[in-house]
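Let me begin by presenting the structure, written as structure tokens, before commenting on it.
In what follows, chains are A, B, ... by sequence order, proteins preceding strands, each numbered from 1.
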Amino acid sequence: MKLLEYQAKQIFGKFGIPTPRSYIVESSKEAEDSANKLGGSAAIKAQLPVGGRGKAGGILFANTPSEAAEAASSLLGSKMKDLEIRKVLIEEKLDIEDELYLGVVVDRRNKSYVVLASSEGGVDIEEVAVKTPEKIVRHVVDPLHGLRSYHALWIAKQLGYSGRKMSALADIVGKLYKVAVEMDAELTEINPLAEIADGFMAADARLNIDNNALFRHRDLAETFQWSESLELSEREQEAGELGLTYVELDGNIGVIGNGAGLTMATIDTVTLHGGKPANFLDLGGGASPKRIESGVSFVLSDPRVSALFVNVLGGITRCDDTARGIIEARRRAPLEKPIVVRMMGTNEEEGKKLLEEAGIDTLDTMEDAAERVVALVGGS
Amino acid sequence: MKLLEYQAKQIFGKFGIPTPRSYIVESSKEAEDSANKLGGSAAIKAQLPVGGRGKAGGILFANTPSEAAEAASSLLGSKMKDLEIRKVLIEEKLDIEDELYLGVVVDRRNKSYVVLASSEGGVDIEEVAVKTPEKIVRHVVDPLHGLRSYHALWIAKQLGYSGRKMSALADIVGKLYKVAVEMDAELTEINPLAEIADGFMAADARLNIDNNALFRHRDLAETFQWSESLELSEREQEAGELGLTYVELDGNIGVIGNGAGLTMATIDTVTLHGGKPANFLDLGGGASPKRIESGVSFVLSDPRVSALFVNVLGGITRCDDTARGIIEARRRAPLEKPIVVRMMGTNEEEGKKLLEEAGIDTLDTMEDAAERVVALVGGS
Amino acid sequence: MVKFINEDTQVLVQGITGIQGRFHTKLMLEYGTKIVAGVTPGRGEQEVDGIPVYDTIAEAQEKHALDASIIFVPAPYALDASLEAIEARLDPVAVITEGIPVRDSIDILARAGLGDTTIVGPNTPGLIKPGMSKLGIMPAQVFREGSVGIVSRSGTLFYEIAAQITRVGLGQSTCIGIGGDPIVGLDFIDVLQWFEENNETEIIALIGEIGGDAEERAAEFIGQGGLTKPVAAYIAGRAAVPGKRMGHAGAIIQGSAGTAQSKIEALEKAGVVVGERPGDVARILMRMT
Amino acid sequence: MVKFINEDTQVLVQGITGIQGRFHTKLMLEYGTKIVAGVTPGRGEQEVDGIPVYDTIAEAQEKHALDASIIFVPAPYALDASLEAIEARLDPVAVITEGIPVRDSIDILARAGLGDTTIVGPNTPGLIKPGMSKLGIMPAQVFREGSVGIVSRSGTLFYEIAAQITRVGLGQSTCIGIGGDPIVGLDFIDVLQWFEENNETEIIALIGEIGGDAEERAAEFIGQGGLTKPVAAYIAGRAAVPGKRMGHAGAIIQGSAGTAQSKIEALEKAGVVVGERPGDVARILMRMT
């Protein structure tokens, strides 16, 4: 789950990270009032979970409250990267001396968190990593000890600070790590971290939370809904409500598999044969006839889909159950979309027999089935 | 710092440990109202940091609000173990099926916390430990892992519970450990932990907090003042304000030393020679003349003190500084109380010379000095 | 180094009273795995398929000499279940549970490292030595004794390829699913090292997918001579969309990192033959024998 | 086992810029201790008595080969300072700081155990090898080279008895203050074991006090033959009041536990000669030589 800037900043603030004074608003009138409270001038920032907002024109500046109202009005309701701007953040302008980067991410290789810091802030850190990797300070956290004050000081020192500013920066590093751990963050980032006269301030904020950990953050349930609604397509949201693991793609061949790897491989194979998958739908392990039916119906109901490819490896999932689910879905929605099934494993013969009786194509290998389904929609 | 029952219960409650409904009151009128809110019958419990309240008559029971008022009025203002009862807790009566003991204490030997649990609750756990040690379940916590759910379950199982009650008990064990760690407790205890029809409830609560950790619990500063005022004598409180490490004893020989061990040994030696120390006062390491003067003046001002024994081992603390402090204290309060000084170490000669000039006795060994001071107050 | 179970290994099932736990306990018993006890907190004193259930491992250990564990408990309880297994010095511990928070996995693995416990997973199908025993949830019928070692991040794709290997007549020595999460215990390199030393394994199938750089690291290890046995590989997710999680928590292309292309190139550079389609793996292996 | 400093040991002072740190750095340097660096966060790039100061140990280690550390930082920061020393693999680490929360001490010692770092203290005067070096705050003039090993929970009482031992002409081999807190790293038994193996130590003085059961455990160790060299002891606090803390955080009689009487009886049962007065210790030791 990706939090919006203002949500991330609220959480950062709770952990004691300095953030600029700001107001979140949904109208130009509120924007004007807020700018007034901030003393007239302000930054007006579109709240969307996308990178590169600045370049895309999502951050405007105003010198007076009326300018702020105008800026807010130009942003609100407009679209950026296909998403509608519904909220803007009205924030005090900072007198920035320098811009740093600070992030805590999951480090797969070291099986821990890694703190990344750079004196090159305000730009894409991946670019910095490619162009000037020596400008990135990395500290892999030992999970048994956590990030201690002396680690944070070392990081701040590596960025070239000493004395009071070093201590202030180290304090923020320590708190950002605390945010990462306590909020179960996949990524937490301050970019840029603004150096100002008497310290530092989080000028921007990113916080992506591990969906698997939401049971520890029940207060974020509502935020989660909102975040899903921004990130996912309508069909993806519907699939989520049905409990299906579904990703929308832009083709015309519906793809259903059991298991993430197998479903990915199915999509790859369809693509290799010149077909264009319309979706990725993983039924998961030990799917029941009911679940299979629900998945098949969901994909068939997609107007973009001209044919469906179901690829099931029977292990815990039984082939006869799969067949029954498919047949039931077809019975309920008697559309003229062809279905190609490839199944193998537990109760394979029984499943194939059921499908044949229902007039549904079955093939023995993934390759053959992929070829057939591509041919059915008119080939590559 | 010893918290009172009601303070401990408030904290336990915050950590999710079930506690009875209750009201803390300071008048019989409030007691009546509270009993009313509880449905009429109630337990009325004196709030004092002493053990064995029940036996001493500090816990009364009422079946009606007016009985509660009467009970509260009999307790409030009365004394128990020399302490005045200023608050009583009005608490719902529990329908108790069984009483358990649950505690978390610091385990010096294993350098960790140890969880103690017993099916023998409501009685002194030290007595249980002596008489029927097999009835105490002990679990030493590995500080690197903490007390995990499976440890808590094991403890609950050892007490003879299974199924839902085991889980409920384990939950409380886990939370009590959390209280111990997060509150920096030296001792945290539920005795008795009442087994009721649908679970367990903390019928009593003890929570002693490590004074060294108060910097992490600033919200308890006020509680600390109150707690000190209950536990310490007036002179001990005054000494505390002067920053002196002082314990009041019941004799007539003032004793001042530098370092806890040396001061204890001084008291022992005075006692061995038949004297009765009036106090323990440890100047600590590297005491300044100012600090020494303050300590000497403080002890001399005690009307019970007939003679003073100052025993200083000069290391970081200098003997000449000690002498100057003593002389200045004597000058400011020219009482006719004899002072015996034994000093040794850094600048010993200079110190002795200064004292001799001021007419103050100095001796070379602790033993001789102890003998002399005992003789001065009239021997054993 | 990876310890493996054999016919004498006494296995504990954590979360044995749940639907998954019950189901797979039965299947593992049928396959010959020596399951001697189960644990589900609050469900002590029951039985599942004749296996006694305890509330804690400590109690189970009073009655049984336990060696290895397989964990089916729901994600919110998997942290403590894993730590309990680690503290009880069980090894290996296969964590089947899907959906464990990354923070918990980090914690589990750090503590496992203290006592040198091998954690397989989380989010793994487990491991199987065909014909002898399995500590996992894979369908037994697709495996057959043989000389191919399989290591995979995926579950069903792993069975798919194993089935094809079996069909071409090769069979498998040992097959290990390392798990589809971003953070897993046993990784490709650990397993490849073990295959290198394992006499029963002659050739290896490596099944990877998009996300992270586990395959690139494996390629580096192979390229540096860490593995001398021939490897055939397949990488799922060539057609995946960047930024979208493809089912597995770990299967996501972030920015330009974790693409199938990057993994395929790295593996090929290290001398691994990478198939275009899953079916290619068995064909390539056949050529290698 | 206890490592000790010698003339080659390179010592770090943590909290070197504080009043205590500065003062004792000077005294230790005068005694011959090879202090090579100091650390105070936020005070890097300064100097104390010619010793360079760094913000972190990591930086100090880039310039110096550090062996041991002595810690003077205020109690609220002692946890991190100790962990920093442990992580930097310094050994031994003498924690002079008084008033550290027990919870922090527990944490420090648990983590020290992972890497086998010896923590002396907290709330200790440190250790001294008379005539060679000291890692502590004891006044040097009361010590002299000799054959008595001293181990003590107390500070000044330890100096008092050392001075008397010196005065009777015996001198000391090695003296270690284990600290006056309830929870300390190095304890009586560790030191007694070390004395048993240490050729320079012929007889031993053990200085205990009320609170806890460290002396009883030492007595048990001696009684079971763990120590064969003769021991003279003194226990402070015969006249102490139960329930009152006598200066040291650890010096408190709780209920019937931790009394001087219990300790004296245990030690005497183990064959230790216990003096009634501090001055008795030197006299007893004289008779033992």
Side-chain angles (χ1 to χ4, degrees), chain B residues 106-109 111-113 124 126 130 141-144 180-182 184-187 210-216 245 247-250 257-272 276-277 280 282 284-286 311-317 344-346 365-367 370, chain D residues 20 23-24 27 75-76 99-107 109-111 113-114 137-139 141-142 152-160 163 180 182-185 207 209-210 212-214 217 234 236-241 244-251 255-257 260 276-279:
Chain B
V106 171
D107 182 342
R108 293 184 184 213
R109 182 188 289 243
K111 302 177 186 184
S112 184
Y113 296 96
D124 186 351
E126 288 190 17
V130 171
V141 179
D142 177 344
L144 289 175
V181 171
E182 292 187 17
D184 281 290
E186 287 179 335
L187 175 153
D210 181 356
N211 285 355
N212 285 339
L214 286 176
F215 67 86
R216 280 200 280 257
T245 304
V247 178
E248 194 164 292
L249 305 170
D250 56 6
N258 65 329
L262 186 69
T263 312
M264 261 190 275
T266 309
I267 285 187
D268 292 350
T269 307
V270 167
T271 307
L272 200 69
K276 291 198 163 151
F280 165 101
D282 170 14
N311 185 11
V312 165
L313 186 114
I316 313 312
T317 305
M344 184 182 124
T346 313
T365 74
M366 202 190 299
E367 284 88 347
Chain D
Q20 273 223 62
F23 182 76
H24 290 291
L27 291 182
I100 297 178
V102 167
R103 181 178 106 189
D104 293 353
S105 295
I106 289 173
D107 208 3
L109 297 180
R111 287 159 202 280
L114 285 180
I137 59 170
M138 54 287 281
Q141 71 270 23
V142 303
S152 171
R153 271 171 74 187
S154 157
T156 43
L157 181 58
F158 155 32
Y159 317 153
E160 168 86 29
I183 302 266
V184 292
I207 307 163
E209 62 188 35
I210 54 163
D213 64 350
R217 281 181 279 140
Y234 176 76
R238 289 172 187 243
V241 190
K244 288 279 186 184
R245 228 175 264 284
M246 304 303 275
H248 281 155
S256 58
E276 273 198 317
R277 293 161 301 184

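Heavy-atom distances place the side chain of D:Leu27, and not its backbone, under 4.5 Å from chain B. There is no contact between B:Asp142 and chain D, counting heavy-atom distances below 4.5 Å. Looking at D:Arg245, both its backbone and its side chain come within 4.5 Å of chain B, counting heavy atoms on both sides. Interface residue D:Leu114: only side-chain heavy atoms are found under 4.5 Å from chain B. No part of B:Thr266 comes within reach of chain D, as not one of its non-hydrogen atoms sits under 4.5 angstrom from that chain. Only the side chain of D:Arg217 comes within less than 4.5 Å of a heavy atom of chain B; its backbone N, CA, C and O stay farther away. Heavy atoms closer than 4.5 Å to chain B are found in the side chain of D:Phe23, but not in its backbone. For a residue to count as touching a neighbouring chain, one of its non-hydrogen atoms must lie under 4.5 Å from one of that chain's; by this rule D:Glu209 touches chain B with the side chain only. Both the backbone and the side chain of D:Glu276 come within contact range of chain B, each with at least one heavy atom under 4.5 Å from a heavy atom of that chain.
Distance alone, capped at 3.5 Å, places no donor-acceptor pair between the D:Arg277 side chain and the D:Tyr234 backbone. Judged by distance alone, with hydrogens and angles left aside, the side-chain atoms of D:Arg153 form a donor-acceptor pair with the main-chain N or O of D:Ile210 at under 3.5 Å. Although no hydrogens or angles enter the test, the distance criterion places no donor-acceptor pair under 3.5 Å between the side chain of B:Lys111 and the main chain of D:Leu109.
Chain D forms more heavy-atom pairs under 4.5 Å with one residue of B:Asp282, B:Asp210, B:Leu214, B:Ile267 than with any other, namely B:Asp210. Of the listed residues (B:Thr269, B:Asp268, B:Val181, B:Thr245), the one with the most heavy-atom contacts under 4.5 Å to chain D is B:Asp268. Among the candidates D:Glu160, D:Gln141, D:Arg238, the residue making the largest number of heavy-atom pairs closer than 4.5 Å to chain B is D:Glu160. Interface check for chain B: of the options D:Val241, D:Asp107, D:Ile100, the most heavy-atom pairs under 4.5 Å are formed by D:Ile100. Top candidate by heavy-atom pairs under 4.5 Å with chain B, chosen from D:Gly212, D:Pro182, D:Gly279, D:Ala240, is D:Pro182. Contact tally against chain B (heavy-atom pairs below 4.5 Å) for D:Ala251, D:Ala239, D:Ser154, D:Pro139: the top residue is D:Ala239. When the candidates B:Ala265, B:Ala213, B:Ala370 are compared by the number of heavy-atom contacts under 4.5 Å with chain D, B:Ala265 comes out ahead. For the set B:Glu186, B:Met344, B:Arg216, B:Glu126, the count of heavy-atom pairs under 4.5 angstrom toward chain D peaks at B:Arg216. Among D:Met246, D:Gln20, D:Arg111, the residue with the largest count of heavy-atom pairs under 4.5 Å with chain B is D:Met246. Chain D forms the most heavy-atom pairs under 4.5 Å with one residue out of B:Val247, B:Thr271, B:Asn211, and that residue is B:Val247.
Listed by chain and residue number, B:Phe15, B:Lys178 satisfy the side-chain contact (heavy atoms from CB on, under 4.5 Å) test with B:Glu182 (two or more places apart in sequence, or in another chain). Residues meeting the side-chain contact (heavy atoms from CB on, under 4.5 Å) test with D:Thr156, sequence neighbours left out: B:Asn258, B:Leu262, D:Tyr159.
The CG atom of B:Asp107 sits 8.5 Å away from atom CD1 of D:Ile106, with the distance rounded to the nearest 0.5 Å. We find the CE-CG distance between B:Met264 and D:Leu157 to be 8.0 Å, quoted to the nearest 0.5 Å. Considering CZ of B:Arg108 and OG of D:Ser105, their distance stands at 11.5 Å, rounded to 0.5 Å.
The two residues B:Leu249 and B:Pro277 have their closest heavy-atom pair at CB-O, 3.4 Å. Across D:Pro101 and B:Phe215, no two heavy atoms sit closer than the pair CG-CE2, 3.6 Å. In terms of heavy atoms, D:Ile183 sits closest to B:Ser112 at CD1-N, 4.0 Å.
The closest side-chain heavy-atom distance from B:Arg109 to D:Asp213 is below 4.5 Å.
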